[in-house]
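Everything on this sheet refers to the single structure shown next.
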Amino acid sequence: MSNKELKFNSKTIHGGQHPDKAYGAVMPPIYQTSTYAQTTPGGHQGFEYSRSGNPTRTALENALASIENGNYGLAFASGLSAMDAVIKLLEPGDEVVSTNDLYGGSYRLFKQVFEKYGINFHFVGMQNIDAIAEKINEKTKLLWLETPTNPMMNVIDIMAASQLAKKHDLLLAVDNTFATPYLQQPLDLGADIVMHSATKYLGGHSDVVVGALVVKDKNLADKLYFIQNASGAVCGPMDSFLTLRGIKTLHVRMQRHCENGEAIAKYLASHAKIEKVYWPGFESHPNHDVAKSQMNGFGGMISFIPKGSSFEDAVKIVEKLQVFTLAESLGGVESLAGHPASMTHASIPKEEREKSGVVDALIRLSVGIEDVDDLIADLEQAIG
Ligand SMILES: *Cc1c(COP(=O)(O)O)cnc(C)c1O
């Protein structure tokens with residue numbers, strides 16, 4: 001049976017993997033080397049220099065391609081460096097349409113790095129497909145989606161976006177960090193490029209910063225590989241090993257993230273002191289139908305607003321949490337809480353962030369895989 005025919009829960013463990021050639025090691029060794037001996041000039045065994053290729057990174061890249069149903073994976077030093085490589089496919093004068101509640105670091109990369117080089121970005125509420133269409137013109141080359149969005153949990157219809165992209169001959173890239181391929185496989189829905197901050201759920205243990213791209217098309221893979229090698233933001237062997245180890249338990253972790261996420265979303269929604277809960281699993285969520293059709297579950301990311309609460313009240317709640325750790329990032333085995341207005345979204349002017357719903361009292365949870373009773377008890381004592 002080829003790896004391609006395996007089901008998802010087996011691909012996470014076996015996809016693209018083979019025992020190591022030297023001694024049959026089941027886990028790929030950490031090839032902590034920059035270079036490789038050649039028998040004659042150009043006489044090597046497939047690896048010449050570790051920016052261009054490293055066997056531990058190759059093992060990770062093959063696993064990434066397998067779990068996203070792609071043909072080619074590329075592992076980078078961070079999620080943002082993976083995005084950086086995608087934007088470098090473009091030329092001055094080109095335009096990109098993206099979401100208006102994009103991950104803050106992605107917004108900064110687009111606006112403060114690439115606009116200087118003459119690439120222009122439009123940000124719209126992409127859950128409304130017509131809003132995307134309105135911004136497309138002859139200069140548009142790329143649609144950049146993130147779904148569910150951070151921290152408002154909007155869900156964008158990937159299939160509808162891909163039909164729009166095909167009609168106008170655009171590339172469609174999807175940041176799949178929040179959903180992971182366990183919940184959503186964008187390449188199967190018509191996307192050209194899937195991007196990950198593998199720092200989050202794929203690594204899953206808050207111990208690495210890693211990025212990834214996966215594509216189906218050979219020509220696109222070649223162009224991205226050229227940029228990866230030419231610019232050099234590659235994932236090192238140790239981080240490749242740790243991320244690969246994380247991927248092997250992705251399906252069991254995600255199952256628990258989803259179960260705990262659902263229990264906590266429902267607990268918060270029924271709490272007298274909570275005003276609003278953002279989680280795509282609720283039937284009342286404006287994009288619930290899209291979420292239900294393109295996702296296999298609703299994940300462990302939840303945002304909420306306590307009733308009548310101010311900036312200071314929200315800060316007090318997150319400070320009181322004891323099992324949830326107050327920290328940036330998400331997707332690890334441990335539960336984290338964040339206050340977007342003062343943390344992840346502090347750099348966005350108040351009026352701007354409030355337009356997309358990121359109000360002063362909003363709290364974001366990355367629900368981990370601890371015992372859910374402990375997590376609920378912790379929220380209970382903090383909300384009071
Ligand atoms: C964290 C994150 C990124 C950036 O990835 P890094 O690994 O931190 O560079 C991009 N997109 C989303 C949705 C993220 O959560």
Side-chain angles (χ1 to χ4, degrees), residues 57 60 64 68 73-88 96 98-114 121 123 126 142-156 158 173-184 186 191 193-214 228 231-236 238-240 242-243 246-247 254 257 278 280 295 299-303 327-332 336-338 340 343-348 356 358 364-368:
R57 195 175 96 216
L60 170 62
L64 290 164
E68 283 287 4
L74 297 128
F76 290 83
S78 66
L80 286 176
S81 61
M83 292 183 69
D84 178 272
V86 175
I87 306 303
K88 284 175 178 162
V96 179
S98 189
T99 53
N100 63 0
D101 58 344
L102 195 65
Y103 173 73
S106 309
Y107 180 81
R108 181 178 56 198
L109 176 68
F110 290 168
K111 290 294 283 183
Q112 295 189 38
V113 178
F114 282 108
F121 298 84
F123 302 94
M126 285 185 140
L142 171 71
L143 302 184
W144 185 278
L145 262 67
E146 194 183 303
T147 179
T149 63
N150 173 29
M152 299 315 298
M153 310 298 151
N154 290 310
V155 176
I156 302 162
I158 298 172
V174 177
D175 181 337
N176 206 24
T177 301
F178 266 40
T180 84
Y182 177 83
L183 295 179
Q184 154 181 303
I193 302 171
V194 169
M195 172 259 159
H196 276 278
S197 169
T199 312
K200 316 294 169 54
Y201 286 106
L202 297 190
H205 296 75
S206 307
D207 52 8
V208 286
V209 174
V210 169
L213 298 177
V214 181
Q228 184 193 39
S231 290
V234 295
C235 181
M238 182 71 191
D239 289 354
S240 296
L242 287 169
T243 307
I247 287 173
M254 286 308 291
H257 282 298
Y278 299 91
M295 299 174 76
M301 296 301 300
I302 300 168
S303 295
E328 309 251 355
S329 201
L330 60 110
L336 302 181
M343 297 166 72
T344 45
H345 292 63
S347 60
I348 307 172
S356 55
V358 186
R364 190 192 77 178
L365 302 178
S366 168
V367 177

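As the structure lists them, so they are numbered: ligands from 1, and atoms in each ligand from 1.
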For Leu80, is at least one N or O under 3.5 Å away from an N or O on ligand 1? yes
Within the 4.5 Å heavy-atom criterion, are Leu142 and Val86 side-chain neighbours or not? yes
Could you tell me whether the side chain of Gln184 reaches within less than 4.5 Å of the side chain of Phe178, counting heavy atoms only? no
Looking at Ser78, which atoms of ligand 1 are within less than 4.0 Å of one of its heavy atoms? 7 (O), 9 (O)
Note: Ser240 and Cys235 closest approach over all heavy atoms is OG-SG, 3.4 Å
Does only the side chain of Asp175 get under 4.0 Å from ligand 1, or the backbone, or both, or neither? Count heavy atoms. side chain
Which protein heavy atom lies closest to atom 14 (C) of ligand 1, and at what distance to 0.1 Å? Lys200 NZ, 2.9 Å
Are Val96 and Phe114 close enough, and set up right, to give a side chain to side chain contact (heavy atoms under 4.5 Å, CB included), and what steps lead you there? CA-CA 11 Å; Val96 179; Phe114 282 108; over 6 Å; no
Close N or O approach (Met83, ligand 1; < 3.5 Å): no
So Met126 and Thr147, do their side chains get closer than 4.5 Å, heavy atoms only? no
As a check for students: among Phe178, Tyr201, Tyr103, identify the option with a heavy atom nearest to atom 10 (C) of ligand 1. Tyr103
